[in-house]
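Down below is the structure, laid out as structure tokens.
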Protein chains: 2
Amino acid sequence: MHGGQRTGGTGRAPRADAVRNRERILLAAAQVFAAQGASVPVDLVAERAGVGVGTLYRHFPTKEALFAAIVGGHLRWLADAAQTAQGDSDPGRALFEFIGLLATEAAGRHDLLDALEQAGVDVECAVAAQVVGLAAGISGLLERATAQGAVRADVGPEDVLGLVIGTCHGIRRMGGDEARARRLVAIVCEGLRTGPG
Amino acid sequence: MHGGQRTGGTGRAPRADAVRNRERILLAAAQVFAAQGASVPVDLVAERAGVGVGTLYRHFPTKEALFAAIVGGHLRWLADAAQTAQGDSDPGRALFEFIGLLATEAAGRHDLLDALEQAGVDVECAVAAQVVGLAAGISGLLERATAQGAVRADVGPEDVLGLVIGTCHGIRRMGGDEARARRLVAIVCEGLRTGPG
DNA sequence: CTATATTCGGAGCGGTAGTTCCTGTTCCAG
DNA sequence: CTGGAACAGGAACTACCGCTCCGAATATAG
């Protein structure tokens with residue numbers, strides 16, 4: 001499970017135009033999903049890729065599979081970032097910086113926010129499996145920050161994810177204003193801190 | 001514009017079964033929209049009301065009009081609550097209590113959250129006009145709280161509304177857990193407060 | 001009770017979106 | 001060069017949804 005599915009199934013090498021079209025589709029889907037979200041019609045992705053819908057459906061069995069292939073990369077990247085952030089000497093700062101990163105990414109890319117939200121509703125869906133790595137990373141960051149006493153003791157990983165998703169909705173609501181986005185993130189992080197003192 | 005539209009337009013008294021059906025539709029729509037949100041099919045509302053879709057469309061020109069009629073009541077009620085809360089002797093507490101009320105209402109009722117979100121995207125739509133009263137109430141509460149120094153000086157009414165909407169998404173994400181809902185609201189309110197001290 | 005304007009109901013229309021199917025085309029081994 | 005298998009493309013199929021239309025039912029005036 002690492003190179004993409006063959007069409008035939010035996011061991012024959014794939015044709016050159018097939019792999020070319022596959023990459024065109026992936027590129028177009030990345031652009032369109034990021035700009036418009038998961039609700040964009042499949043035909044639009046195919047058109048942008050310069051390909052018919054039949055071609056698209058030969059490479060990806062369903063729209064959801066294509067979407068999962070696109071957001072999977074982002075999610076893995078974010079999960080890795082969370083993993084490395086756990087090595088930070090200041091756990092509190094590490095958590096808050098990662099929240100800022102996640103909020104900025106998800107507010108700017110519609111596909112990422114859609115994926116996070118879908119994962120919360122349909123636990124069975126393809127993207128939900130991709131999110132667990134990210135959730136684990138947040139969990140690790142939060143544990144260290146809690147041990148340090150940098151955040152309220154009663155918050156769990158689900159709370160953090162919920163707050164981030166919510167903040168992204170708030171940010172998107174006002175047209176991606178950069179200053180406001182930073183303000184909302186700052187407010188949420190301040191709220192996560194332990195009380196005054 | 002206060003009693004609902006007549007069908008004919010002259011001055012004839014409406015038929016008894018017509019007003020009965022109108023109220024059935026309103027009741028069914030209130031239940032279904034609250035449970036499933038604005039995206040619920042019109043046929044389902046009609047079925048629940050024990051009425052055909054044709055009947056529904058005689059009383060309400062469009063689905064959006066029906067939806068606006070349903071959420072309009074809630075929005076006015078909330079706007080009134082915000083108005084009266086402005087008379088509170090403690091502006092900070094008044095604002096935070098109202099945020100908690102709004103979040104609880106919107107997290108439990110899908111229609112209210114959908115309306116708030118739709119108003120942020122389509123400024124032209126019917127519900128957007130209904131939200132301005134609520135926004136004005138929040139504005140007033142925030143102004144007093146800011147003057148008292150109970151909240152950060154750099155937050156605006158739009159920030160508050162965005163945060164509340166976001167918080168509701170976070171709350172809904174985890175299945176309406178009561179304790180978690182209160183925790184998220186508390187975190188956001190704490191973040192809105194002026195820094196430590 | 002009768003007449004008639006009003007209302008009811010749901011089949012059907014137009015549009016959208018995901019997916020499939022089939023014909024014509026293209027690449028590659030031999 | 002050539003045969004044939006893999007591939008491309010988009011029309012068509014299915015499902016869904018908001019909305020309309022018109023024959024059937026019915027409430028109310030006289």
Side-chain angles (χ1 to χ4, degrees), chain A residues 4-29 32-33 36-70 110-111 114 118 122 125-127, chain B residues 4-26 28-29 32-33 36-70 111 114 118 122 125-127:
Chain A
Q5 68 264 43
R6 295 282 156 74
T7 310
T10 60
R12 200 59 137 275
R15 248 166 63 173
D17 56 346
V19 303
R20 192 167 51 238
N21 278 333
R22 188 172 204 279
E23 275 166 26
R24 275 186 172 197
I25 290 167
L26 281 170
L27 182 64
V32 172
F33 280 143
Q36 315 263 133
S39 64
V40 75
V42 175
D43 303 35
L44 219 146
V45 177
E47 187 189 6
R48 175 123 187 175
V51 153
V53 283
T55 304
L56 192 153
Y57 274 97
R58 177 151 338 85
H59 288 288
F60 300 93
T62 181
K63 183 189 180 182
E64 193 190 354
L66 174 60
F67 184 72
I70 295 298
H110 277 220
D111 56 350
D114 285 356
Q118 197 179 341
D122 286 1
C125 72
V127 290
Chain B
Q5 68 266 42
R6 295 282 157 72
T7 310
T10 60
R12 200 57 136 274
R15 252 167 61 171
D17 55 346
V19 302
R20 194 166 50 238
N21 278 332
R22 187 172 206 279
E23 275 165 26
R24 277 185 170 198
I25 291 167
L26 280 170
V32 173
F33 281 143
Q36 314 261 136
S39 65
V40 75
V42 174
D43 303 34
L44 220 145
V45 176
E47 188 190 5
R48 176 124 187 175
V51 151
V53 283
T55 304
L56 192 151
Y57 274 97
R58 182 179 338 286
H59 289 288
F60 300 93
T62 182
K63 183 190 181 182
E64 193 190 356
L66 174 59
F67 184 72
I70 295 297
D111 56 350
D114 285 358
Q118 197 180 339
D122 284 3
C125 71
V127 291

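A, B, ... follow the sequence lines: proteins, then strands. Residue 1 opens every chain.
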In whole Å, what is the span from the [atom1] atom of [X] to the [atom2] atom of [N]?
X: B:L44; N: D:dC17; atom1: CG; atom2: P; result: 9 Å
X: B:I25; N: C:dG10; atom1: CD1; atom2: P; result: 13 Å
X: B:Q36; N: D:dC17; atom1: CD; atom2: C1'; result: 15 Å
X: B:F60; N: C:dT7; atom1: CZ; atom2: P; result: 14 Å
X: A:E47; N: D:dA8; atom1: CD; atom2: C1'; result: 16 Å
X: B:L56; N: C:dG9; atom1: CG; atom2: C1'; result: 12 Å

Which residues pass the side chain to side chain donor-acceptor pair (under 3.5 Å) test with A:D122, sequence neighbours left out?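 Residues passing side chain to side chain donor-acceptor pair (under 3.5 Å) with A:D122: none at all.
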Under 4.0 Å protein heavy-atom contact, by nucleotide of nucleotides 17-30 of chain C - B base, S sugar-phosphate only: SSBB-----BSS--
So, B:K63 side chain and B:P41 main chain: donor-acceptor pair closer than 3.5 Å or not?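 Pair absent, no side-chain N/O of B:K63 close to backbone of B:P41.
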I'd like to check B:D114 versus B:F33 (side-chain heavy atoms, cut-off strictly below 4.5 Å). Are they in contact?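 No, every pair of side-chain atoms sits at 4.5 Å or beyond.
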I want to check one thing: is the phosphate of [N], taken as OP1 and OP2, less than 4.0 Å away from some side-chain N or O of [X]?
X: B:H59; N: C:dC8; result: yes
X: A:T55; N: D:dC7; result: no
X: A:N21; N: D:dA8; result: yes

Listed by chain and number, what are the salt bridge (Lys or Arg N to Asp or Glu O under 4.0 Å) partners of A:D43, not counting sequence neighbours?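 So A:D43 forms no salt bridge (Lys or Arg N to Asp or Glu O under 4.0 Å) with any residue.
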Restricting to non-hydrogen atoms, name the atom on A:N21 and the atom on A:V51 that form the minimum distance, rounded to 0.1 Å.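 Looks like OD1-CG2, 3.6 Å.
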Please name the pair of heavy atoms, one in B:V32 and one in B:R48, separated by the smallest distance, quoted to 0.1 Å.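 For B:V32 and B:R48, the tightest heavy-atom pair comes out as CG2-CD, 3.7 Å.
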